Colleague: 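Take a look at this one; I'll ask things after.
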Amino acid sequence: MPNTADVVIVGGGIMGASTAYHLAKRGCKSVVVLEAGEMFGLGSTGLNAGGVRYQFASPVNIELSKLSFGMMERFADEMDQQIGLRRCGYLFMLDQAADLEQFRRNVALQNAHGVPSRVVTTEEIAALAPEVDVTGIIGGTWCPADGLVDPHGLLQGYISNARRLGATLRTGARVDAVEVADGRVAAVRTKDDLIATANVVIAAGPWSASIGEMVGVEIPIDPIRRQIAVTGPIPGLRPDFPFVIDFSRSLYFHREGPGILTGKSNNDELASFDTSVDQEWRLRHFEEAAQRLPLLAEAEISAEWAGLYEVTPDDQPILGRLPEVGGLFICAGFSGHGLMHGPASGLLMAEEILDDRARTIDIDPLRWERFASGVSVGEYNVV
Ligand SMILES: Cc1cc2nc3c(=O)[nH]c(=O)nc-3n(C[C@H](O)[C@H](O)[C@H](O)COP(=O)(O)OP(=O)(O)OC[C@H]3O[C@@H](n4cnc5c(N)ncnc54)[C@H](O)[C@@H]3O)c2cc1C
């Protein structure tokens, strides 16, 4: 382990790995990523649904998706790593008039940003996904360019290429303290090492508030449990089955190998680091899932798990410099849709650190200061 570094990144999920890669690519070789887990990808990055979409309600999230999609398209060539990007489309199904109105506005905004999404009728939904029971559905939205990616491929690509470019990435290296001197970051401490550094990036996902506490900065990110189940093979399941979301039920499905991956968010879940499977919630989830997608009724569950969303008060990430301590940065709080924004966010963080300011996308709406100023643009399309 080096005992000095230009930049130390706390957390080796998609945000930490992508930031390290983009810093190293820009020529900043003295970068250290410290990951508490014994392996990379044991946090949210290894436990998510792999969905990638343009269909957001805020301009900044649509732009983050556009930048990330371009990078994912080039990933296999540039990074020598397959990521299984598949454009199966995202189909939002709506049963509330107010949601349909909001999604109409979202589609207009997405179209203005060049995204090929559109509003669809219930009949069109039934044609796009005949496997789904559309009872109660009054309309929805569809974007054929949305899809899926392999989270592990994406993470591994950034880790191996950051290393190739000279960065140091370590597992089993929990950060216990961030030392500050004269109002600036001075060093990072693990149980085995002390690394002197002038720049620290908090990329600890759902654990980011605890890193802020180390330096007296309040970071409003709550860990919220979210559950997923994957079925065994479902005979006759078509390869291009889309990513289907029953929005008001926070219920979703997509094809995973020969079966279906399904999740349902519990919007009453309280903040905690508990990642055991909630048995009561799982029963409610499976009952509603089988109603919406009847071919699940006969399917066997082959895997189940719970992970943590990293939720902010406005469901938007916190990106950029933290003004209270010199040399302190944050890239966290993506509120359950961060995998897809990892590629873009790492690039923007590298710009923020090396050029003083992220410039490819204006990240002002995502800065930490918004919580004090009260000016925040929340995200409506949260599942
Ligand atoms: C069930 C579920 C479904 C999801 N579905 C999607 C989806 O379809 N599409 C999508 O884009 N996103 C999805 N997400 C969200 C996505 O997974 C996250 O937004 C993203 O992975 C966040 O990445 P991260 O790097 O910020 O956090 P993480 O991957 O959690 O990485 C943070 C890392 O910091 C480490 N750490 C914590 N404390 C310390 C410390 N003191 N010292 C050192 N290291 C530390 C942790 O061990 C962890 O590895 C989903 C999430 C869940 C839980």
Side-chain angles (χ1 to χ4, degrees), residues 8-20 32-53 56 61 64-65 68 72 90 146-152 154-155 158-159 169-178 188-191 200-214 221 223-230 243 245 250 252 254 256 261-266 269 273 275 277 304-312 315 317-319 330-346 349 382-383:
V8 174
I9 299 170
V10 186
I14 191 66
M15 299 306 159
S18 174
T19 302
V32 174
V33 176
L34 300 172
E35 165 54 47
E38 291 307 315
M39 285 167 61
F40 291 105
L42 297 179
S44 304
T45 300
L47 299 171
N48 63 71
V52 288
R53 61 176 154 112
F56 281 99
N61 279 339
L64 286 172
S65 292
S68 283
M72 290 188 282
Y90 257 65
D146 292 342
L148 293 167
V149 73
D150 165 22
H152 298 281
L154 203 58
L155 177 64
Y158 282 128
I159 290 170
L169 293 90
R170 291 286 162 84
T171 54
R174 173 180 302 282
V175 170
D176 296 322
V178 176
V188 170
R189 195 181 280 283
T190 69
K191 74 177 178 352
V200 169
V201 180
I202 301 174
W207 297 271
S208 294
S210 67
I211 312 300
E213 274 167 26
M214 293 176 188
I221 295 179
I224 306 283
R225 173 168 58 177
R226 292 290 182 247
Q227 287 179 201
I228 281 182
V230 179
F243 199 129
I245 299 177
S250 296
Y252 59 87
H254 68 68
E256 183 80 5
L261 179 151
T262 174
K264 177 173 166 63
S265 301
N266 178 357
E269 186 81 52
F273 288 100
T275 53
V277 171
E304 275 180 88
W305 66 88
L308 299 171
Y309 274 17
E310 30 6 338
V311 178
T312 65
D315 294 309
I318 313 177
L319 284 194
I330 183 162
C331 180
F334 286 76
S335 305
H337 44 260
L339 178 76
M340 67 185 95
H341 291 162
S345 301
M349 290 308 294
V382 179
V383 182

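For clarity, every value in this text was computed on a predicted model and none was experimentally measured. Hydrogens, waters and symmetry mates play no part in the numbers below; they use all other heavy atoms, side chains included. When a ligand or atom number is given, it counts from 1 through the structure's own listing order.
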Colleague: Which of the numbered atoms in ligand 1 are below 4.0 angstrom from a heavy atom of Leu47?
Modeller: 1 (C), 2 (C)
Colleague: Below 3.5 angstrom, do we get any N/O pair linking Gly307 and ligand 1?
Modeller: no
Colleague: Would you kindly specify which portion of Glu310 sits under 4.0 Å from ligand 1, judged on non-hydrogen atoms: side chain, backbone, both or neither?
Modeller: side chain
Colleague: Answer with side chain, backbone, both or neither: which part of Ala173 has a heavy atom less than 4.0 angstrom from an atom of ligand 1?
Modeller: backbone
Colleague: Would you call Met15 and Phe334 a side-chain contact if the rule is heavy atoms closer than 4.5 Å?
Modeller: yes
Colleague: Is any N or O atom of Gly336, backbone or side chain, closer than 3.5 Å to an N or O atom of ligand 1?
Modeller: yes
Colleague: Going by heavy atoms in the side chains, are Tyr252 and Leu261 under 4.5 Å from each other?
Modeller: yes
Colleague: Give the contacting part of Leu34 toward ligand 1: side chain, backbone, both or neither, where contact means a heavy-atom distance below 4.0 Å.
Modeller: backbone
Colleague: Checking contacts here: is it the side chain or the backbone of Ala203 that comes within 4.0 Å of ligand 1, counting heavy atoms only? Could be both or neither.
Modeller: backbone
Colleague: Looking only at distances, can you tell me whether any N or O atom of Pro206, backbone or side chain, sits closer than 3.5 Å to an N or O atom of ligand 1?
Modeller: no
Colleague: For Ser44, is at least one N or O under 3.5 Å away from an N or O on ligand 1?
Modeller: yes
Colleague: State the atoms of ligand 1, each with its element, that fall below the 4.0 Å cut-off from a heavy-atom position in Gly11.
Modeller: 33 (C), 34 (O), 35 (C), 44 (N)
Colleague: Where is the nearest protein heavy atom to atom 16 (C) of ligand 1: which residue, which atom, and how far?
Modeller: Leu339 N, 3.7 Å
Colleague: Specify the protein heavy atom at minimum distance from atom 33 (C) of ligand 1: its residue, its atom name, and the distance to 0.1 Å.
Modeller: Glu35 OE1, 3.5 Å
Colleague: Purely on distance, is any nitrogen or oxygen of Ile14 under 3.5 Å from one on ligand 1?
Modeller: yes
Colleague: Ligand 1 and Leu308, any nitrogen or oxygen pair closer than 3.5 angstrom?
Modeller: no
Colleague: Which protein heavy atom lies closest to atom 8 (O) of ligand 1, and at what distance to 0.1 Å?
Modeller: Gly51 N, 2.8 Å
Colleague: Hey, is Val52 touching ligand 1 through its side chain, its backbone, both or neither, going by heavy atoms under 4.0 Å?
Modeller: neither
Colleague: List every atom of ligand 1 that sits less than 4.0 Å from any heavy atom of Phe334, numbering the atoms from 1 in the order shown and giving each element.
Modeller: 19 (O)
Colleague: Counting non-hydrogen protein atoms only, what is the nearest one to atom 44 (N) of ligand 1? Give residue, atom name and distance.
Modeller: Ala36 N, 3.1 Å
Colleague: Looking only at protein heavy atoms, which one is nearest to atom 50 (C) of ligand 1, and what is the separation?
Modeller: Asn48 CB, 3.1 Å
Colleague: Can you tell me how far CD of Glu269 sits from CZ of Arg226, rounded to the nearest 0.5 angstrom?
Modeller: 6.5 Å
Colleague: How many angstroms lie between atom OG1 of Thr45 and atom CG of Leu155, to the nearest 0.5 angstrom?
Modeller: 6.0 Å
Colleague: Give the residue and atom name of whichever protein heavy atom lies nearest to atom 23 (O) of ligand 1, and the separation in Å to one decimal.
Modeller: Thr45 OG1, 3.3 Å
Colleague: Give me the nearest non-hydrogen protein atom to atom 41 (N) of ligand 1 as residue plus atom name, then the distance to 0.1 Å.
Modeller: Val175 O, 3.1 Å
Colleague: Could you tell me the residue and atom name of the protein heavy atom closest to atom 26 (O) of ligand 1, and the distance to it rounded to 0.1 Å?
Modeller: Met15 CG, 3.3 Å
Colleague: Should Val10 be counted as touching ligand 1, given the test is an N or O pair under 3.5 Å?
Modeller: no
Colleague: Hey, does Leu42 come in under 3.5 Å of ligand 1, counting only N/O atoms on both sides?
Modeller: no
